[in-house]
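Worksheet: one structure, shown below.
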Number of protein chains: 2
Amino acid sequence: MKQSKIPQATAKRLPLYYRYLNNLNKQGKKRVSSKELSEAIKVDSATIRRDFSYFGALGKKGYGYNVEYLLGFFRSTLDQHETTEVALIGAGNLGTAFLNYNFTKNNNIVIKMAFDSDENKIGTEIGGVPVYSVDQLQEKLGDIEVAILTVPVSEADAITEKLVEAGIKGILNFTPVRITVPDNVRVHHIDLTVELQALVYFLKHYPLD
Amino acid sequence: MKQSKIPQATAKRLPLYYRYLNNLNKQGKKRVSSKELSEAIKVDSATIRRDFSYFGALGKKGYGYNVEYLLGFFRSTLDQHETTEVALIGAGNLGTAFLNYNFTKNNNIVIKMAFDSDENKIGTEIGGVPVYSVDQLQEKLGDIEVAILTVPVSEADAITEKLVEAGIKGILNFTPVRITVPDNVRVHHIDLTVELQALVYFLKHYPLD
DNA sequence: AAAATGTCGTGATTATATTCACAAACAATT
DNA sequence: AATTGTTTGTGAATATAATCACGACATTTT
């Protein structure tokens, strides 16, 4: 389970590789080179080869990589053979967008349940996902370990505390709040305002022309 | 305009600093230390001091940073004194979430218009933002240089081409497609599936316990 | 079967980012 | 006014990541 020493930067690219290999496979492509991959996903070809090499010698010199083999390899590396169930907290606009999005298409990740505090939403289904009251977090979560957090800023800290109590191990946090969690809980922040502001900043200060 | 040599990693943190300083200022706080900031936004205090130092000596030894001064400094650095107008393409679930989100609260970024291909949406307003047909991109965009791309995968490449033709310089791309653009156009990718998969991967392979 | 071509895997190099650790400067206290 | 405590700013060290560049080997062509 812990074959560590794979650089984080590499780990973050794995899902990207996986998806593109899936596409190639569906198109019936049999082989692919690091150069081809590079052009498609905009990652330097040497970086791709280096990334792959952390897992051993997956390719053949003068030939490239066998799509099916590589895909199978990444499928098991990314644990795509088993389904990962996640919960979504906060069925507002952004949350609803997720609920209507079919993650399962290419990935074995599925949103199993959602939580909200709006009486009108509790008890209904959104995108086929049942919505429970946030008060039911503890009892409903079961062994789900990953949560998508799309609640308003004002709720973020309180809900986070509840999630941690209920045994959540990973949070994909879309609120601007830098939530505080114990050391054994992993949080990835996606801060949409920050991303937009950063893009604007780069445009003005790092002209590409 | 190009005071370059500020590391990209630093630039990406600026909006984060800016928002937190804004909060402090609203709370009436007069001074803040790198240590305090560090605890709030989960960035090492040495990193914060280093980041700030790229802009000169902004603090006082033994005292910390003056909130109001620092805020003012970042406001102008991040060009927050002038409004940046952006366009949103694709008023689906995710797009609608953005349209209902008030970026302008803390940031002078505003979504000025949206584009969609759904006849039922064209001509309406969502979250106070007018929705036009994607066929009107060229004529309506005006001098808007930044676009948020929330269209389905199947549309991504075609729309991107139109955006580039219409003079867009920056794209915040929420589609899984690694769109191809000329060198003078900047693209930031936010790939929600990849983020979720990466979080799951880290949980399984990089245990924190 | 020989030559030409393509492509990997990786040692070495370079680039970028983080963190340590401490002198210097100021603030607070007595 | 002297002492103590705080916090910056940064040189140096370390860590992480990207890129170069080429030997080795498989494939393809002639």
Side-chain angles (χ1 to χ4, degrees), chain A residues 3-17 21 24 29-71 73-74 178 189 194 198 201-202 205-206, chain B residues 3-17 20-21 24 29-71 73-74 178 189 198 201-202 205-206:
Chain A
Q3 83 218 73
S4 219
K5 68 193 157 300
I6 281 148
Q8 298 222 355
T10 296
K12 282 193 196 154
R13 282 187 291 265
L14 296 183
L16 208 55
Y17 297 142
L21 287 170
L24 288 181
K29 221 153 173 306
K30 291 299 176 202
R31 57 184 274 193
V32 66
S33 69
S34 61
K35 185 148 164 283
E36 257 182 293
L37 276 172
S38 171
E39 276 152 20
I41 63 180
K42 325 286 188 206
V43 172
D44 187 89
S45 68
T47 300
I48 292 176
R49 292 199 301 281
R50 170 87 53 197
D51 281 350
F52 289 2
S53 78
Y54 290 117
F55 299 97
L58 302 177
K60 256 191 209 160
K61 300 180 184 197
Y63 175 90
Y65 301 91
N66 178 295
V67 172
E68 210 172 326
Y69 174 75
L70 202 55
L71 183 61
F73 183 83
F74 278 121
R178 308 306 263 199
H189 296 275
V194 164
Y201 180 82
F202 277 114
H205 296 84
Y206 295 71
Chain B
Q3 82 217 71
S4 219
K5 66 190 157 308
I6 280 149
Q8 298 221 357
T10 296
K12 282 193 196 155
R13 282 188 291 264
L14 296 184
L16 208 55
Y17 297 142
Y20 192 69
L21 287 170
L24 288 181
K29 221 153 174 310
K30 290 300 176 202
R31 58 184 272 194
V32 67
S33 68
S34 61
K35 184 147 165 283
E36 257 181 292
L37 276 172
S38 172
E39 276 152 22
I41 62 181
K42 325 287 188 205
V43 171
D44 188 271
S45 68
T47 301
I48 293 175
R49 291 198 301 280
R50 171 86 54 196
D51 281 349
F52 289 1
S53 78
Y54 290 117
F55 298 97
L58 303 177
K60 255 191 209 160
K61 302 182 182 193
Y63 176 89
Y65 301 90
N66 178 295
V67 172
E68 209 172 327
Y69 175 76
L70 202 55
L71 182 62
F73 183 84
F74 279 121
R178 308 306 265 199
H189 296 276
Y201 180 82
F202 277 114
H205 296 84
Y206 295 72

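These figures come from a predicted structure and were not determined experimentally. So you know, we letter chains A, B, ... as the sequences are listed, proteins then strands, and number each from 1.
Rounded to whole Å, atom P of dT10(D) lies 17 Å from atom CG of Asp44(B). If you measure from atom NZ of Lys5(A) to atom C1' of dT16(D), you get 16 Å, rounded to the nearest angstrom. The NZ atom of Lys60(A) sits 15 Å away from the P atom of dC25(D) (whole-angstrom rounding). One can place CD1 of Ile48(B) at 17 Å from P of dA17(C), the figure rounded to the nearest angstrom. Going from atom CZ of Phe52(A) over to atom C1' of dT7(C) covers 13 Å, rounded to whole Å. Summarising the geometry, the separation between CD on Gln8(A) and P on dT16(C) is reported as 20 Å, rounded to the nearest angstrom. Atom-to-atom, CZ of Phe55(A) to P of dG9(C) comes out at 13 Å; the value is rounded to the nearest Å. The separation between Asp51(B) atom CG and dT19(C) atom C1' is 13 Å, rounded to whole Å.
Side-chain atoms of Ala9(A) lie closest to dA17(D) of the nucleotides dA17(C), dT10(D), dA17(D). Ranking dA27(C), dT7(C), dT19(C) by closeness to the Tyr63(B) side chain, first place goes to dA27(C). Closest to the side chain of Arg50(B), out of dG9(C), dC20(D), dT10(D), is dT10(D). Of all nucleotides listed (dC8(C), dT19(D), dG11(D)), dC8(C) comes nearest to the side chain of Ser33(A).
Taking only side-chain nitrogens and oxygens, Ser34(B) never comes nearer than 4.0 Å to OP1 or OP2 of dT7(D). Side-chain N/O atoms of Arg31(A) include one lying less than 4.0 angstrom from OP1 or OP2 on dT28(D). Between Ser45(A) and the phosphate of dT7(C), there is no side-chain N or O to OP1/OP2 separation shorter than 4.0 Å. Thr47(B) has no side-chain polar atom (N or O) that falls below the 4.0 Å cut-off from OP1 or OP2 of dT18(C). Side-chain N/O atoms of Tyr65(B) include one lying less than 4.0 angstrom from OP1 or OP2 on dG9(D).
Between Phe74(B) and Tyr17(B), the ring-plane angle classifies as tilted under the 30° and 60° cut-offs. Taking the six-membered ring for Trp and thresholds of 30 and 60 degrees, Tyr65(A) and Phe52(A) have ring planes more than 60 degrees apart, a perpendicular arrangement.
Remark on DNA chain C: of its neighbouring residues Arg49(B) and Ala57(A), the 5'-side contact belongs to Ala57(A), judged by nearest-heavy-atom nucleotide.
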Evaluate side-chain contact (heavy atoms from CB on, under 4.5 Å) for Phe202(B) paired with Lys12(A), printing each intermediate quantity in order.
CA-CA 9 Å; Phe202(B) 277 114; Lys12(A) 282 193 196 154; 4.0 Å; yes
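The two residues Ser38(B) and Val43(B) have their closest heavy-atom pair at OG-O, 2.7 Å.
To the nearest 0.5 Å, the span separating CG on Leu37(B) from CG on Leu70(B) amounts to 7.5 Å.
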